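I have placed the structure first, in the form of structure tokens, so that the comments after it can refer back to it.
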Amino acid sequence: MCGIYASFSLNAEKRVFEGLKRIEYRGYDSWGVATLVDGKLELKKEVGKLSGQKNIKFAESKLCLGHTRWATHGEVTKINAHPHLAKNKSFALVQNGVVENYQEHKSKLIDDGYNFISKTDTEIIVGLLEKEMEHNSEKNLSTSSFINVFNKLAGRNTVVVITTQGRIMAIRDGSPLVVGRNSKRELYFSSDVLSMSPDVDEYLVINSGQIAVFNSSDSCFEITDIKTGKRVGVEFIPLEHKLDLANITMDIGKDSYESYMFKEIHEQSNMLLNVIRDSKQKFAVAVEMIKNARQVFTLGCGSASYATGNTAYLLRKIGILALTVEAYEANSYLELLNNGSEKSVCIVFSQSGETADTNEVVELMKRKGVKIISVVNMPGSTLTQLSNLSFMLQVGPELAVASTKAFLGQALWGIIISDILSGSKFNDLEIKINEFEYKLKEWFANKKIQNNIKKIAKNLTKHEHVFVLGRGDLYYAGLESALKLKEISYIHAEGFSSGELKHGVIALISKGTPVLCLVAEDENKANMLSAISEVRARGGKTIVIAKENNELYSNWIQLPDTNDYIFLSSIIPSQLMTCYMAVEKGYDVDKPRNLAKSVTVK
Ligand code: AGP
């Protein structure tokens with residue numbers, strides 16, 4: 001999952017650098033730009049994060065194409081960074097996706113004498129284009145040659161080229177691509193709509209199977225369906241409209257926080273009400289869809305899969321047959337989808353709305369007649385377009401790669417829908433959420449509690465492994481807590497049900513082993529206390545996240561003073577601890593190694 005940003009504007013290269021920084025959360029192994037200067041394409045490429053680059057001298061140009069990379073094929077090197085320049089230097093190319101049949105193309109090109117300089121699947125596309133141009137005796141890449149080659153690629157890809165003729169051509173199939181423009185008739189391409197907001201007033205989404213062509217010579221911009229060859233209407237939507245819808249303020253500074261993640265964790269105490277803002281009617285529609293469904297599925301990846309897992313758990317507790325589907329394991333559910341799928345509903349969570357693993361299953365479900373209810377945090381994303389009913393989380397831009405406020409918003413959405421199905425009144429829920437936000441603010445402001453979390457985090461940095469126990473209402477909270485610890489502080493954290501402990505895992509508990517335990521004041525408390533005493537009996541160190549203390553706890557992290565939404569509050573200590581641990585170890589909290597914010601490749 002990479003980031004693409006292109007610009008036709010005054011100081012185009014500078015604009016592209018700024019745009020790439022705004023989409024760097026999508027991939028930050030390396031970056032590159034191809035800028036048209038006096039009829040030639042000049043490349044700048046580097047390994048590492050753009051935000052780390054100082055004193056860049058921007059070329060004077062009106063046309064530039066840039067890319068930030070998350071490596072799929074080929075190490076993180078300058079040569080493998082995009083854009084890739086054609087041997088004949090007539091075009092440069094960037095790609096977002098995976099060419100699944102690149103090996104067969106590569107061997108044919110090598111047999112044809114093509115000399116590869118990188119180890120990427122991307123360069124295969126460059127080679128195929130050059131061969132196509134040779135075959136058609138083209139000096140400059142034509143749209144028909146670009147389409148012909150694109151149709152030979154297997155997998156979900158978005159490919160953008162810039163030519164020495166001053167043309168930008170983009171074909172999308174899967175990975176997102178939007179186009180924006182402003183009153184100065186400048187034009188921008190990007191992987192996400194929010195990143196363009198400082199540059200554009202209106203935008204449109206390039207759909208899968210379309211090619212967009214912009215000629216800087218006459219500012220002509222056209223979109224064509226690559227299957228039918230028919231021109232597609234170009235209708236730009238005012239960007240402000242979408243941002244209002246998503247209740248997204250473009251305040252994307254860090255304020256006084258040292259990282260976006262730390263800021264976004266604290267924003268959780270004042271954005272939960274946005275999840276239901278102006279959505280009373282929509283929730284009523286969703287409730288009816290679920291009530292009338294023969295079968296309810298929930299679907300997501302990573303953190304989103306834990307939020308959907310908890311949602312299915314809550315629906316089952318009120319007698320609704322809900323099945324959790326982890327997107328990457330969806331194949332085993334296909335038979336279930338074959339009978340009566342037209343009466344089935346799938347609830348899909350995805351903060352980006354662009355996760356390839358998720359969207360691929362959604363497309364399959366739709367083909368079988370399943371109705372899609374989605375909860376997304378990115379306006380104009382693919383998943384919103386695929387949905388029968390789509391909710392915007394409205395928690396504001398989440399720029400840290402690890403999901404915190406978006407995850408909490410997704411989980412809250414699931415709690416709300418099950419509360420309404422159980423008979424709660426919408427207005428009562430608004431009051432309850434408002435009160436919870438207040439309790440959360442008090443909790444964040446409690447220095448004693450916060451310093452205790454920081455101290456425990458510091459001690460945890462001395463360990464390589466930590467176990468996270470949850471159960472019942474807090475089972476998925478345990479899994480999400482473990483993921484947070486893994487992905488930011490790189491500690492090996494294993495989350496599982498406390499009931500599982502004595503069935504094997506306890507073999508790993510020895511003197512001093514840290515075990516994080518999430519305890520709710522519910523029917524599972526006694527079971528949790530038994531598990532905690534089993535851990536203590538073997539010398540394990542129990543770090544317990546609970547409302548009240550207990551002599552069995554080696555360390556106690558006090559939760560906010562409310563029994564409401566304990567699923568939400570029980571995760572926040574792990575969000576904070578992983579930040580403190582990463583800072584202690586000198587890691588990048590917002591852009592952890594090997595990860596990206598939006599996994600647009602399978
Ligand atoms: C979250 O902290 C992770 N970075 C990752 O698991 C993420 O939740 C997953 O990739 C799904 O992303 P989505 O919500 O954009 O679909």
Side-chain angles (χ1 to χ4, degrees), residues 1 3 23 25-28 70 156 174-176 191-192 194 246 259-262 264-265 268 275 298-311 324-330 346-363 372 374-384 386-387 390-393 395 397-414 476-477 479-490 493 495 571-572 574-579 582 588-602:
M1 42 300 203
I23 56 170
Y25 65 85
R26 305 175 62 84
Y28 34 86
W70 184 83
R156 300 160 71 97
S175 308
S191 299
D192 89 22
L194 291 188
S259 65
Y260 282 115
M261 184 168 173
F262 216 63
E264 289 153 9
I265 290 171
Q268 294 176 129
V275 173
T298 67
L299 176 72
C301 289
S303 291
S305 75
Y306 302 141
T308 53
N310 193 57
T311 302
T324 311
V325 179
E326 272 174 349
Y328 16 85
E329 299 299 339
C346 186
I347 300 168
V348 191
F349 289 170
S350 173
Q351 59 81 24
S352 66
E354 299 299 350
T355 300
D357 287 327
T358 302
N359 289 347
E360 194 167 66
V361 178
V362 168
E363 286 163 355
I372 306 298
S374 66
V375 183
V376 185
N377 195 40
M378 183 62 77
S381 58
T382 303
L383 181 54
T384 46
L386 291 171
S387 305
S390 187
F391 288 77
M392 197 50 64
L393 267 179
V395 295
E398 184 178 71
L399 300 176
V401 164
S403 187
T404 50
K405 62 177 184 173
F407 168 79
L408 232 66
Q410 292 166 348
L412 177 60
W413 189 95
Y476 284 100
L479 300 185
E480 168 57 13
S481 297
L483 177 61
K484 283 290 141 320
L485 290 165
K486 273 187 275 246
E487 62 180 341
I488 306 301
S489 62
Y490 314 152
I571 286 154
I572 299 176
S574 301
Q575 294 175 344
L576 290 165
M577 282 197 286
T578 204
C579 280
D588 187 329
V589 173
D590 288 333
K591 295 192 178 77
R593 68 184 180 199
N594 306 342
L595 292 184
K597 185 66 180 172
S598 176
V599 186
T600 56
V601 293
K602 287 188 297 179

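As the structure is a prediction and not an experimental result, all values here were calculated from the model. Just so you know, ligand 1 is whichever comes first in the structure, and atom 1 is the first atom listed for that ligand. For the single chain, residues carry numbers from 1 onward in sequence order.
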Testing the basics here: between [X] and [Y], what is the closest heavy-atom pair and its distance to 0.1 Å?
X      : Y      : result
Ser403 : Gln351 : OG-CG, 4.3 Å
Ala411 : Ala307 : N-CB, 4.0 Å
Pro592 : Val589 : CD-O, 3.8 Å

Identify, by atom number and element, the atoms of ligand 1 in contact range of [X], meaning under 4.0 Å from any of its heavy atoms.
X      : answer
Ser352 : 13 (P), 15 (O)
Val401 : 4 (N)
Gly302 : 6 (O)
Ala304 : 8 (O), 14 (O)
Ser303 : 1 (C), 2 (O), 6 (O), 8 (O)
Val599 : 10 (O)
Ser403 : 1 (C), 2 (O)

Decide whether an N or O pair under 3.5 Å exists between Ser350 and ligand 1.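 The answer is yes, given that Ser350 and ligand 1 share an N or O pair closer than 3.5 Å.
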Does Glu487 reach ligand 1 with a nitrogen or oxygen that is under 3.5 Å from one of the ligand's nitrogen or oxygen atoms?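 For ligand 1, there is an N or O atom that lies under 3.5 Å from one belonging to Glu487.
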So Thr382 and Glu354, side-chain hydrogen bond (donor to acceptor under 3.5 Å, both in side chains) or not? Walk me through it. CA-CA 6 Å; Thr382 303; Glu354 299 299 350; 2.6 Å; yes
Check contact between Ala402 and ligand 1, using heavy atoms of the residue and a distance below 4.0 angstrom.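 Yes, Ala402 has a heavy atom closer than 4.0 Å to ligand 1.
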Compute the minimum heavy-atom distance from Glu354 to ligand 1 and say whether it is under 4.0 Å. no
Met261 versus Thr578: any side-chain heavy-atom pair under 4.5 Å?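 Counting from C-beta outward, Met261 and Thr578 do come under 4.5 Å.
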Considering only heavy atoms from C-beta outward, does the side chain of Phe349 approach that of Val376 to under 4.5 Å? no
Which heavy atom of the protein is the closest neighbour of [atom], given with residue, atom name and distance?
atom                    : value
atom 16 (O) of ligand 1 : Thr355 OG1, 2.5 Å
atom 9 (C) of ligand 1  : Cys301 O, 3.5 Å
atom 14 (O) of ligand 1 : Gln351 N, 2.8 Å

Would Tyr28 and Asp588 count as a side-chain contact (heavy atoms from CB on, under 4.5 Å) here? Give the steps. CA-CA 12 Å; Tyr28 34 86; Asp588 187 329; over 6 Å; no
Given Val348 and Ser387, is the side-chain contact (heavy atoms from CB on, under 4.5 Å) satisfied, shown in steps? CA-CA 9 Å; Val348 191; Ser387 305; over 6 Å; no
Tell me which one of Lys484, Glu480, Gln268, Glu264 satisfies side chain to side chain donor-acceptor pair (under 3.5 Å) with Gln575.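 Only one of Lys484, Glu480, Gln268, Glu264 forms a side chain to side chain donor-acceptor pair (under 3.5 Å) with Gln575, namely Gln268.
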